[in-house]
Amino acid sequence: MSTTDAALDHSNHAFKGLIAHAQAYGFIYPSSEIYDGLQSIYDYGPYGVALKRNLQNFWWQSMTQLHENIVGIDAAIMMHPTTWKASGHIDGFTDPMVDNKDSQKRYRVDLLIEEHAMQLVAQGKSTQAKSLMEEMERCLATGNLPGLDELLERFAIVCPLSKTAHWTPVRQFNLMFSTQMGAQNDGTTIYLRPETAQGIFVNFLNVQKTARMKLPFGIAQVGKAFRNEIIARQFIFRMREFEQMEMQFFIQPGTEKKWFDYWQETRKDWYSSLGINQEKINIHPHKQLAHYATAAVDIEYAFPFGSKEVEGIHSRTDFDLKRHEHYAKKKLQYFDPDLKQHYTPYVIETSVGLDRLVLMLLDNALTKTDDPAKRTYLKLPAPLAPIKAAIFPLVKKDGLAERALALFNALKYDFPLIYEETQSIGKRYTRQDLIGTPYCITIDYQTLEDETVTVRERDSMAQYRMKIAETAGYLHAATHIKSLLLQLKT
Ligand code: ATP
């Protein structure tokens, strides 16, 4: 096995281990698993939903609480169908796809070509890989589908399953899910939103007027989005139903460079506060920009399957508001009281996938030690951990269980906790390590004498005694979302 093959094998193994961990310990399950699942749709289990909500709250608070000029909304998933005409999704939200006639498998051409380019790099043929990628990007930017057919042929790109190059012509495939509203046969076709951003644009004037916002100001939203991805894979990285957290920041035209730089820095800062290994974060500026955009970067994380986008930051000019003005025949302008004039604001957008963040956090957190104990634990930041502390009586008898339950009942109003009284303390610690609980608190015989408990830390495994009365303050300081918010520059 070559060094590259060995590295790929190791990454595959690591990713399979991550998926198995997420499923086995109550984070993420395949949807409707008893019916063998539904491709690329997933459900969150007890610890997964808590992790996802904590992450979402952290994002929401960092946007709407730390910035006095950002407010939130919650728009509906179903929107007037003209929204998607105006946004360009009906005509242009497509991916190029191709079918292999032998394996009957469908692929997204750009991903197929990208994978081939990566293989070329691994074989030391970087120049070929570069020219392949450049040619592909030119074809994609100009909608040149026969050009993509030609690239598949010229580079002898084969189906990973059948190993043949027996391809259908490349076709465009619209990614929106449609459904009928009203009577089955004469109802209107509407779409499940493929992004949350349009709910913000169509509410721009409502929010500006009713919340009395002055430019610059932002509107934040968290919600489900749906895309009929041609090949959905890599676990929760590419799903057909997923959650986005988007913020559109409306600004005076001419200030876009300043605000684009500001949001790039602010968002980078947010990732370091999550304790993500910064070597795994990559800022990827777009070379090919959409015709209306003035700048765009992706924030990428080095997943086991490669460095991939988790968030996009885009400078979108007044494109979206102008399109809605045109289709809705309504002015979507702002009256600037300082300049005493009306204009259509420009927009800087930050758009992040919540599920991709969960995957990033789990990957970053899953730790296996090399010591003889071969301990596995999830090193999640304590404020994001699903459970903040587990409360154990050392043994059930001699009144220890009652004391432990009393502590559980006193703390449960402030913290998500687990109470556990069965099995050895060692096994109970292991179980909490696997779901990322940062603290375990044990009531033992000494508690009955001096009102102290043993606190055990997940990462260091250090144990120390603490007065029962101090536990609430201690957990609050260590696990409150505020400790993450305080790390952010505002
Ligand atoms: P990709 O190139 O990976 O398909 P994109 O550029 O189409 O992503 P955007 O339209 O910019 O993605 O959406 C913003 C964010 O939404 C992405 O950065 C990503 O985190 C998330 N996202 C997009 N598509 C999916 C999906 N199918 N599953 C999970 N998250 C997604």
Side-chain angles (χ1 to χ4, degrees), residues 28 31 38-44 48 52 55-56 59 84 87-89 92-97 107-115 133 136-137 140-141 173-177 192-201 220-248 263-264 267 270-271 274 276 281-290 292-293 295-301 303 305-316 319-320 347-363:
I28 296 152
S31 157
L38 184 61
Q39 218 192 9
S40 303
I41 313 270
Y42 289 91
D43 297 341
Y44 282 81
K52 185 164 76 145
L55 201 48
Q56 175 189 325
W59 181 88
W84 306 112
S87 68
H89 283 82
F93 192 51
T94 51
D95 274 341
M97 63 163 193
Y107 297 91
R108 230 176 90 178
V109 178
D110 54 334
L111 297 183
L112 198 62
I113 294 181
E114 208 176 290
E115 243 159 59
M133 288 302 289
M136 177 189 80
E137 280 178 13
L140 289 174
F173 179 83
N174 194 297
L175 300 184
M176 281 199 293
F177 281 100
L192 301 186
R193 65 180 175 199
E195 62 174 31
T196 56
Q198 299 305 323
I200 294 180
F201 289 123
Q221 176 170 217
V222 180
K224 290 268 187 174
F226 303 81
R227 295 183 186 180
N228 196 3
E229 300 277 2
I230 299 171
I231 40 151
R233 52 179 188 165
Q234 288 153 339
F235 196 38
I236 58 168
F237 179 80
R238 188 173 300 287
M239 299 198 286
R240 296 197 163 107
E241 173 180 342
F242 58 99
E243 225 161 326
Q244 288 187 317
M245 305 195 289
E246 297 197 290
M247 194 279 301
Q248 318 294 134
W263 279 109
Q264 201 176 312
R267 295 304 299 148
W270 192 82
Y271 285 83
L274 289 177
I276 300 294
I281 296 286
N282 179 36
I283 305 294
H284 171 76
H286 285 207
K287 285 199 206 100
Q288 302 265 4
L289 291 176
Y292 51 81
V297 293
D298 290 342
I299 299 184
E300 297 180 342
Y301 172 78
F303 289 102
F305 47 86
S307 188
K308 301 279 177 198
E309 169 181 346
V310 287
E311 172 158 358
I313 303 172
H314 311 119
S315 173
R316 298 180 63 91
F319 175 76
D320 307 84
V347 169
I348 306 295
E349 158 183 273
T350 72
S351 172
V352 54
L354 180 53
D355 312 87
R356 286 191 187 175
L357 288 184
V358 169
L359 188 61
M360 173 188 80
L361 267 188
L362 287 175
D363 179 65

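Counting starts at 1 for both ligands and their atoms, following the listed order.
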- Message: Quick check on side chain to side chain contact (heavy atoms under 4.5 Å, CB included): which of Leu354, Leu357, Val352, Val358 does Glu243 satisfy it with?
- Response: Leu354
- Message: Residue-level breakdown please: for Glu229 versus ligand 1, do any non-hydrogen atoms fall below 4.0 Å on the side chain, on the backbone, on both, or on neither?
- Response: side chain
- Message: Using heavy-atom distances only, which candidate in Arg227, Glu241, Glu195 approaches atom 10 (O) of ligand 1 most closely?
- Response: Arg227
- Drop me the distance from Ile113's CD1 to Arg108's CZ, to the nearest 0.5 angstrom. 11.5 Å
- Item | Pair Tyr292-Asp320, side-chain donor/acceptor within less than 3.5 Å | no
- Query: Could a heavy atom of Val310 be found less than 4.0 Å from some atom of ligand 1?
  - Reply: yes
- Counting from 1, what ligand 1 atoms have a heavy atom of Arg238 closer than 4.0 Å? 1 (P), 3 (O), 4 (O), 26 (C), 27 (N), 28 (N)
- Filtering Glu309, Arg240, Glu349, His314 for the heavy atom nearest atom 6 (O) of ligand 1 leaves Glu309
- Message: Heavy atoms only: which of Arg108, Gln244, Met239, Glu246 lies closest to atom 28 (N) of ligand 1?
- Response: Met239
- Under 30°, 30 to 60°, or over 60°: which ring-plane class applies to Tyr301 and Phe303, parallel, tilted or perpendicular? perpendicular
- Query: Is there at least one pair of N or O atoms, one from Gly353 and one from ligand 1, spaced under 3.5 Å apart?
  - Reply: yes
- Message: Below a 4.0 angstrom heavy-atom separation, can you tell me which part of Arg356, side chain or backbone, both or neither, approaches ligand 1?
- Response: side chain
- Query: Can a salt bridge be assigned to the pair Lys308 and Glu114 using a cut-off of 4.0 Å between side-chain N and carboxylate O?
  - Reply: yes
- Using salt bridge (charged side-chain N to carboxylate O under 4.0 Å, His left out) as the criterion, list what pairs up with Arg227, not counting sequence neighbours. none
- Message: Are any of the N/O atoms on Phe242, whether in the backbone or the side chain, positioned under 3.5 angstrom from an N/O atom of ligand 1?
- Response: no
- Item | Minimum-distance protein heavy atom relative to atom 14 (C) of ligand 1 | Ser351 OG, 2.9 Å
- Give a yes or no answer on whether the side chain of Arg193 reaches the backbone of Gln198 with a donor-acceptor pair at less than 3.5 Å. no
- Note on the structure: among protein heavy atoms, the one nearest atom 29 (C) of ligand 1 is Phe237 O, 3.2 Å
- Message: Let me confirm one number: the CD-CZ distance from Gln39 to Arg240, rounded to the nearest 0.5 Å.
- Response: 5.0 Å
